[in-house]
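First the proteins, then the strands, lettered A, B, ... as listed; each starts at 1.
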Amino acid sequence: MCWNTYMRWRLPLVCLLWEVAMIVLFGVFVRFDPEADAHWKEEQRQKNLTSDIENDFYFRYPSFQDVHVMIFVGFGFLMTFLQRYGFGAVGFNFLLAAFGIQWALLMQGWFHSFENGKILIGVENLINADFCVGSVCIAFGAILGKTSPVQLLILTLFQVTLFAVNEYILISLLHVKDAGGSMTIHTFGAYFGLTVTRILYRPNLEQSKDKQGSVYHSDLFAMIGTLYLWMYWPSFNSAVSNHGDAQHRAAINTYCSLASCVLTTVAFSSLLQKKGKLDMVHIQNATLAGGVAVGTGAEMMLTPYGSLIVGFLCGIVSTVGFVYLMVSAAQRNSSLLPLRERK
Amino acid sequence: MCWNTYMRWRLPLVCLLWEVAMIVLFGVFVRFDPEADAHWKEEQRQKNLTSDIENDFYFRYPSFQDVHVMIFVGFGFLMTFLQRYGFGAVGFNFLLAAFGIQWALLMQGWFHSFENGKILIGVENLINADFCVGSVCIAFGAILGKTSPVQLLILTLFQVTLFAVNEYILISLLHVKDAGGSMTIHTFGAYFGLTVTRILYRPNLEQSKDKQGSVYHSDLFAMIGTLYLWMYWPSFNSAVSNHGDAQHRAAINTYCSLASCVLTTVAFSSLLQKKGKLDMVHIQNATLAGGVAVGTGAEMMLTPYGSLIVGFLCGIVSTVGFVYLMVSAAQRNSSLLPLRERK
Amino acid sequence: MCWNTYMRWRLPLVCLLWEVAMIVLFGVFVRFDPEADAHWKEEQRQKNLTSDIENDFYFRYPSFQDVHVMIFVGFGFLMTFLQRYGFGAVGFNFLLAAFGIQWALLMQGWFHSFENGKILIGVENLINADFCVGSVCIAFGAILGKTSPVQLLILTLFQVTLFAVNEYILISLLHVKDAGGSMTIHTFGAYFGLTVTRILYRPNLEQSKDKQGSVYHSDLFAMIGTLYLWMYWPSFNSAVSNHGDAQHRAAINTYCSLASCVLTTVAFSSLLQKKGKLDMVHIQNATLAGGVAVGTGAEMMLTPYGSLIVGFLCGIVSTVGFVYLMVSAAQRNSSLLPLRERK
């Protein structure tokens, strides 16, 4: 009885207390960036900007909205192919991301935008917070259906904190160039998720496998997630690049790499299947590899054919890796497994 | 027999005659705004604009498309959780909105953009027309499944007209500041819908409740609607703000309020349910409350923590209100009710 | 046995060899446009551009992303109403489009952007490649479920090639003005598809009709496709228009035509059905006719009422045409037919 009451109060309490903490910390630390402040007109005069359109908002807002869709619809629906966890996937993803972006604004702010005791936030900070939450969503894929909302919230708190520290070490201390966040976002997210899965792994979890059935329409929902991630990846990789030609170049490089990746994924998926049929899970995952792999170098003069080569190799590595590494403990637990048993 | 013939001809006749009326009225009154006119180059020289990018189109078009998605996909799919009315919801929403935006362009034009006997339309007018139709979609939620397409078209005609008059009184006569349209759009839409529901209410309608079943995939479709409304709300609140820092600020304030609202909604939804389970309907509706509530003040120097507080309170008020006011006549009829009986 | 081995290797081989060919051709011919090149700063000084925001990227990227969504989600999901081909529709559409955009960048580049032995690609080329693939997706609608992935890839190769030649003749030799690509994209795509269908037509294909069943949720997925095509059509028609007022005008004209088209489609769809009920297939197809028809003239001073008239007529012609021409061989094969037999 006591335990039940505790359980019942736990989620509301965590949500409310953490949100109150956010409000207090935002009240103490967070203010508008000069570009979003009512005093911008003065700033604009000092910088000799001739027009309102030179506000950073117009350089980045369309990309920000694309990234936002990737985080909430893309990663949310990518996981809906499991009938039983469809709701959980979309709903929990929503809860985590909403908390995660607030905590990421603070953590990233302390490390990167801290001036005179204040964090000044603008559209670029919002994009970076979304990036950080993207890394949580990637890890989330590995532990789906094994954890309660409260556990997921606690993991989000830890992961966002570690993400910001890791990003600070890589970018600010080691001066690594990582435009599309391949290292800070994707690699970090994947390893965090696999580590957590390994810690949480219990042999009898195997018995719950039957919860992981897949149905026809769930796969179509998952395709919505895949397509939005694929289509908007050029925005993801170019969102925080330098203004002008760098953003332009990052978008083109990502576009080329993604297109090339689809063809080699289909080729190897078809090759490695017994009956030569395509496996939708390969397509869903490997096609995205092209976007991730080109992330770090997207802003550089990679040239269009260089990007095609990156995508070409990624589609192969990702599909072959997926098929042959499936026996590892991490992937035995992964929610992606049972889909292969689909009729 | 006569009645049947009449019924059969009614929808085509209303559609065709009203569209002819639109064409005649557009022919008499509507012309391009100077920013969309072939003579813009001269205008540009007079205003000392140095570049084509300073055309209002580039300030507002990305936000316009986001608002467009909110109206047609967001509100359309929000209602699809009712299996029986899924098609009707999306299809009728489409018909109403397509008629509504044309009539709104005229009504709002007469009140706000009427110069020398002509209404000059540009991208800002398109956004305002979408806003007006958004108010119709909100009202539509309350009367779904109780009215025919012709009745819905007539209601749209009335509501758009009243909307424009109400907006004229609030904005032009009383000089109220209402950037995100919390008053003109959401409050007006909700009360209009509830009034219509009360008028149309018949006790025996209760018996048709079994038509309102919900199924698993319908809820996922409804989540698509919810997520698009949630993600694009920053565009909604900043779409017609002043150029530069005001648009930037409105987007950040809305983003903060929405994020905060999700946490308190989950907390109170979990608290008020008998078994501590989350109710998807609360999440679908209350998370949006944060966007609506911050609408009026989004453009102001609300500061990020101010927005978090607004979202915090909204999530609580909206969820508690939804749970305790469900017995009222309006909500007993509301299509949102039966979902709580979901397994 | 040999045949089976050959069959199994065919798809992987085609995908890999063609992708290698793309990489070689890109390596020889394709470089970045000056606007996306690291030397843009010099270029910018020569052209007297005052700000980074005048990079073509900021004029066109939001429209590009909308067009991208139309091609992959819009056309992909438009075809999902056939339960059996749902996966195939979305997945094959993805494969074709990913190959098609690479080949289109080359073909269109050789004809239109070839300077000093190099094709210089920027965001406008990406949009044009998406347009070209749009024409493939339109043809694809007519042959869905009758061809293997390899056949579809070969058809894509042919169609993109013919598309580029046809475009070169119309635009560069005959100097035809075709802003929204009504002639080059839609008419060409439709006739190519119908011709291929006629060639592939075998009487016993009729027996496979039972594969073309439709289910409730499939129609909702198809509505997602329809709505995205409808909503983003203003971006489609304005994406490669001249900077400034021309893009602004093209978007407004398309918006008006699309709104008007919905009403006449609903009117005639309701009129021509025996029971006065709406046919979702009419709505799905005819509402888009308004966007296609206004394509060629979207950039011109068509005026808002002119666009309404175009949409008005299109909705009628498209719906009446669909109903009365259904007996033609082309449409008897068309995948759209069986939906009319829906309960």
Side-chain angles (χ1 to χ4, degrees), chain A residues 7-9 11-16 18-20 22-24 26-27 30-41 44 50-53 55-58 61-62 64-65 68-69 72-73 76-77 80 83 86-87 90-91 94-95 98-99 101-102 105 121-123 126 149 217-218 221 224, chain B residues 49-51 53-54 58-59 62-63 66 216-217 219-221 223-224 226-228 230-232 234-235 238 242-249 251-252 255-256 258-271 275-276 278 280 283 287 300-301 303-309 311-312 315:
Chain A
M7 287 298 283
R8 195 185 150 176
W9 281 88
L11 179 62
L13 266 182
V14 168
C15 285
L16 288 177
W18 288 16
E19 191 53 49
V20 169
M22 289 298 117
I23 291 174
V24 172
F26 267 61
V30 181
R31 297 293 178 273
F32 288 122
D33 187 274
E35 307 249 342
D37 195 279
H39 299 100
W40 187 57
K41 286 285 167 198
Q44 201 181 2
T50 53
S51 162
D52 281 336
I53 195 97
N55 192 304
D56 199 36
F57 181 76
Y58 301 104
Y61 189 72
F64 159 66
Q65 275 297 1
H68 221 42
V69 171
F72 289 90
V73 168
F77 278 87
T80 52
Q83 188 171 23
F87 260 133
V90 181
F94 194 21
L95 173 62
F99 167 70
I101 52 180
Q102 297 176 60
L105 279 175
I121 63 166
V123 68
L126 305 190
H217 280 113
S218 298
F221 279 113
I224 294 181
Chain B
L49 302 179
T50 54
S51 162
I53 196 97
E54 292 179 84
Y58 301 103
F59 285 94
S63 306
D66 293 348
Y216 176 80
H217 280 113
D219 279 342
L220 271 183
F221 278 112
M223 272 308 285
I224 294 181
T226 309
L227 285 173
Y228 272 99
W230 192 88
M231 291 183 302
Y232 284 160
S235 298
S238 68
N242 289 332
H243 292 172
D245 57 295
Q247 273 195 298
H248 201 153
R249 194 160 54 243
I252 296 174
Y255 177 95
C256 289
L258 288 165
S260 167
C261 190
V262 174
L263 273 96
T264 50
T265 300
V266 168
F268 274 76
S269 172
S270 163
L271 212 60
K275 292 175 186 171
L278 295 175
M280 286 308 269
I283 293 175
T287 50
M300 302 174 192
M301 283 295 286
T303 71
Y305 68 89
S307 307
L308 287 186
I309 295 172
F312 188 91

**Per-residue contact mode, Gln247(B) against chain A (heavy atom under 4.5 angstrom)** = both

**Message:** For a 4.5 angstrom cut-off between non-hydrogen side-chain atoms, does Phe268(B) reach Pro12(A)?
**Reply:** no

**Residue, of Glu54(B), His248(B), Arg249(B), that accumulates the most heavy atom pairs under 4.5 Å with chain A** = His248(B)

**Asked** So, for Met231(B) and Val69(A), which heavy atoms are closest and what is the spacing to 0.1 Å?
**Response** SD-CA, 3.5 Å

**Request:** Kindly determine whether Tyr255(B) and Ile121(A) satisfy side chain to side chain contact (heavy atoms under 4.5 Å, CB included), including the steps that lead there.
**Result:** CA-CA 12 Å; Tyr255(B) 177 95; Ile121(A) 63 166; over 6 Å; no

**Message:** Using side-chain heavy atoms (C-beta onward) and a distance below 4.5 Å, is Phe26(A) in contact with Thr303(B)?
**Reply:** no

**Fill in**
Correct closest heavy-atom pair for Ile252(B) and Val123(A) would be CD1-N, 4.4 Å

**Prompt:** So what's closer than 4.5 Å to chain B heavy atoms on Leu13(A): side chain, backbone, both or neither?
**Reply:** neither

**Item:** Proximity breakdown for Glu35(A) and chain B, heavy-atom pairs closer than 4.5 Å
**Value:** both

**Engaged part of Phe312(B) at the chain A interface, taking heavy atoms whose separation is under 4.5 Å** = side chain

**Message:** Counting C-beta onward and ignoring hydrogens, is there a side-chain heavy-atom pair between Tyr305(B) and Val30(A) closer than 4.5 Å?
**Reply:** no

**Message:** Heavy-atom cut-off 4.5 Å, strictly under: side chain, backbone, both or neither for Val20(A) against chain B?
**Reply:** both

**Item:** Portion of Tyr232(B) that has a non-hydrogen atom of chain A nearer than 4.5 angstrom
**Value:** both

**Complete:** Turns out that what part of Ile309(B) lies under 4.5 Å from chain A's heavy atoms comes down to both

**Fill in**
Smallest heavy-atom separation, Tyr61(A) atom then Ala251(B) atom, equals CE1-CB, 3.9 Å

**Asked** Say you draw a straight line from CE of Met22(A) to CG of Leu263(B); how long is it, rounded to the nearest 0.5 Å?
**Response** 9.0 Å

**Asked** Considering only heavy atoms, which portion of Tyr58(A) lies under 4.5 Å from any heavy atom of chain B: side chain, backbone, both, or neither?
**Response** side chain

**Message:** Could you measure the distance from the CG atom of Leu227(B) to the CZ atom of Phe72(A)? Nearest 0.5 Å is fine.
**Reply:** 8.0 Å

**For the student: nearest non-hydrogen atoms of Val266(B) and Cys15(A), plus distance** = CG1-SG, 4.0 Å

**Asked** Which atom names give the shortest non-hydrogen contact between Ala267(B) and Leu16(A), and what distance separates them?
**Response** CB-CG, 3.7 Å

**Asked** Would you call the rings of His68(A) and Trp230(B) parallel, tilted or perpendicular if under 30° counts as parallel and over 60° as perpendicular?
**Response** parallel

**Prompt:** Where on Cys256(B) is there a heavy atom nearer than 4.5 Å to chain A: the side chain, the backbone, both, or neither?
**Reply:** side chain

**Asked** By a 4.5 Å heavy-atom criterion (distance strictly below it), what part of Asp52(A) contacts chain B: side chain, backbone, both, or neither?
**Response** both

**Fill in**
Note: vs chain A, highest number of non-hydrogen pairs under 4.5 angstrom among Leu308(B), Asp66(B), Ile53(B), Val262(B) is Leu308(B)

**Fill in**
Nearest heavy-atom contact between Asp245(B) and Asp37(A) is OD2-O, 3.0 Å

**Message:** Please classify the contact between Ser235(B) and chain A as side chain, backbone, both or neither, with a heavy-atom cut-off of under 4.5 Å.
**Reply:** both

**Item:** Largest heavy-atom contact set with chain A, pairs under 4.5 Å, which of Pro234(B), Ala246(B), Ser238(B)
**Value:** Pro234(B)

